[in-house]
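One structure below.
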Amino acid sequence: MLQRIPDADQKAFDEHRNLLFSVAYRIFGTATDAEDAVQDAWLKWSAADRSQVSDPKAYLARIVSNVAMDRLRSVGKQRETYVGPWLPEPILTTTIEGADAAASAESVSMAMLVVLESLSPLERAVFVLNEVFAFSFVEIASALGRSEAAVRQAAHRARGHVQARRPRFATDRAQHRHVTERFFAAAAGGDINTLMELLSPDVTLWTDGGGKVRQALRPVTGAEKVAAWFAGVGRRRYEGVDPSDMRAEVVELNGAEGLVFSGAGRVIATVTIALDADGRIVAIHNVANPDKLRAVTDGRIRRMGTD
């Protein structure tokens, strides 16, 4: 059993708890694993010789980054056998204020997390710490126990990979909300014409049921196929819930407006979209795996800033 640590040390951890979750979530893409990593960081912080720690923020970021990397290596093997497309676990967020608002929102978006998922654990940690949280290469090398040269090389690989696949979406929040609401209205009403108007010709839909609920097992590509898929949503029962008993709410999910679908007293799915430079929907991420809806179900709202 751990001894109760001094109030000052408890306060130092509490001050950086949001930062630790933000780092771990961007590395994992799942809130559950991120929470576990924060708890592990707390245990290590409690057992450490804190009198030798001059910079608690850097020290705690070091702990949680290493915990996250170790866990990611193990869960990565599980994701290789995942049924259907693997998508990040959606979370409820609150609007980030300040000059870094757009960058912070993009870094936690479903589209970006999907890109980060294709990086190695080291590349992902380095990219998150450097690009999102502005840690220097020297600090990251110390945190991850790597040479500065190795960290710079990992950053170069990660940056190139992300830039090649980075979603180019509009960042105007009012436009994003407007398109989200029109998209839902068109899907609910089976309005194919409006759906075709909203969708980019090369739009891709990813649906994540994890083998727990019926979803498309491969990405659905092309405006006609995606429009037909969503037009049918409003006409069929879903996991025992009649369409007339479903309700949808526009909320902030992963830094932008998204849809939370509920029915029969539970959350049954989330839908988020990404827009291209013309304001058309270029990517749709539909999470229906009940194991990934817990963070939304519990209603906890997180501030995913960089401080």
Side-chain angles (χ1 to χ4, degrees), residues 29 79-90 109-118 164-170 175-244 246-248 250 253-254 256-263 267-290 292-293:
R79 294 177 187 179
E80 291 175 1
T81 59
Y82 194 79
V83 179
W86 186 96
L87 292 179
E89 182 180 346
S109 71
M110 295 291 282
M112 177 58 78
L113 291 175
V114 168
V115 174
L116 294 182
E117 177 65 15
S118 61
R165 296 164 177 79
R166 182 179 234 132
R168 301 289 190 259
F169 58 85
Q175 181 190 34
H176 196 109
R177 183 181 184 90
H178 176 67
V179 174
T180 298
E181 290 174 341
R182 286 192 67 201
F183 171 75
F184 168 66
D191 186 348
I192 291 285
N193 290 332
T194 299
L195 286 171
M196 290 295 293
E197 176 187 336
L198 293 171
L199 298 173
S200 169
D202 58 353
V203 62
T204 300
L205 162 67
W206 287 269
T207 64
D208 181 344
K212 305 291 181 68
V213 298
R214 187 176 180 180
Q215 292 287 300
L217 295 179
R218 294 181 178 82
V220 180
T221 304
E224 290 187 6
K225 291 181 180 179
V226 173
W229 197 93
F230 275 103
V233 169
R235 298 194 297 265
R236 60 177 179 261
R237 289 175 64 83
Y238 182 81
E239 291 301 301
V241 180
D242 190 88
S244 62
M246 283 189 202
R247 65 182 181 86
V250 178
L253 290 170
N254 292 78
E257 282 68 28
L259 296 164
V260 173
F261 291 86
S262 303
V267 175
I268 57 178
T270 64
V271 172
T272 55
I273 64 174
L275 309 181
D276 64 17
D278 297 319
R280 291 184 299 182
I281 300 172
V282 70
I284 305 172
H285 298 100
N286 175 201
V287 179
N289 182 344
K292 291 187 177 181
L293 298 174

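For reference, positions follow the sequence shown, starting with 1. For clarity, every value in this text was computed on a predicted model and none was experimentally measured.
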Self-check item: Nearest non-hydrogen partners of Phe183 and Leu259, listed with the distance
Solution: CD2-CD1, 4.3 Å
Self-check item: Minimum-distance pair of heavy atoms, taken over all atoms of Ala111 and His285
Solution: CA-CE1, 3.7 Å
Practice problem: Check Pro90 against Lys292 and note the closest heavy-atom contact, atom names and distance. | Solution: CD-O, 3.4 Å
Self-check item: side-chain contact (heavy atoms from CB on, under 4.5 Å) partners of Ser262, counting only residues at least two apart
Solution: Arg247, Val260, Val267
Exercise. Answer yes or no: is there a donor N or O on one side and an acceptor on the other, between the side chain of Asn286 and the main chain of Thr270, under 3.5 Å?
Key: yes
Exercise. Output the distance between atom CG (Asn289) and atom CG (Leu87), rounded to the nearest 0.5 Å.
Key: 10.0 Å
Quiz item: So, Thr272 side chain and Gly258 main chain: donor-acceptor pair closer than 3.5 Å or not?
Solution: no
Quiz item: Which pair of non-hydrogen atoms, one from Leu293 and one from Val287, has the smallest distance, and what is that distance?
Solution: CD2-O, 3.8 Å
Quiz item: How far does CG of Asn254 sit from CE of Met112, to the nearest 0.5 angstrom?
Solution: 12.5 Å
Quiz item: What is the minimum heavy-atom distance between Tyr82 and Gly209, and which atoms define it?
Solution: OH-C, 4.5 Å
Exercise. With sequence neighbours excluded, tell me which residues meet side-chain contact (heavy atoms from CB on, under 4.5 Å) with Arg79.
Key: Thr30, Asp33, Leu72, Val75, Trp86, Glu117, Arg124
Quiz item: Can you name the closest pair of heavy atoms from Pro219 and Thr204 and give their distance?
Solution: CB-CG2, 3.9 Å
Quiz item: Side-chain contact, heavy-atom cut-off 4.5 Å: Leu205 with Val203?
Solution: no
Quiz item: Is a donor on one side and an acceptor on the other found under 3.5 Å between the side chain of Asp276 and the backbone of Asp278?
Solution: yes
Quiz item: Ser118: what forms a side-chain hydrogen bond (donor to acceptor under 3.5 Å, both in side chains) with it, not counting sequence neighbours?
Solution: His161
Exercise. Can you sort out the partners of Glu224 under salt bridge (charged side-chain N to carboxylate O under 4.0 Å, His left out), two or more places apart, ordered by chain and number?
Key: none
Exercise. Mind checking the CZ-CG spacing from Arg280 to Leu199? Nearest 0.5 Å is all I need.
Key: 9.5 Å
Self-check item: Gap between atom NE2 of His176 and atom CD1 of Ile281 - 0.5 Å precision
Solution: 8.5 Å
Practice problem: Go through the structure and list residues passing side-chain contact (heavy atoms from CB on, under 4.5 Å) with Val83, not counting sequence neighbours. | Solution: Leu217
Quiz prompt | Pairs flagged by side chain to side chain donor-acceptor pair (under 3.5 Å) wherever residues 193-202 is involved - sequence neighbours left out | solution = Arg182-Glu197, Asp191-Thr194, Ser200-Asp202
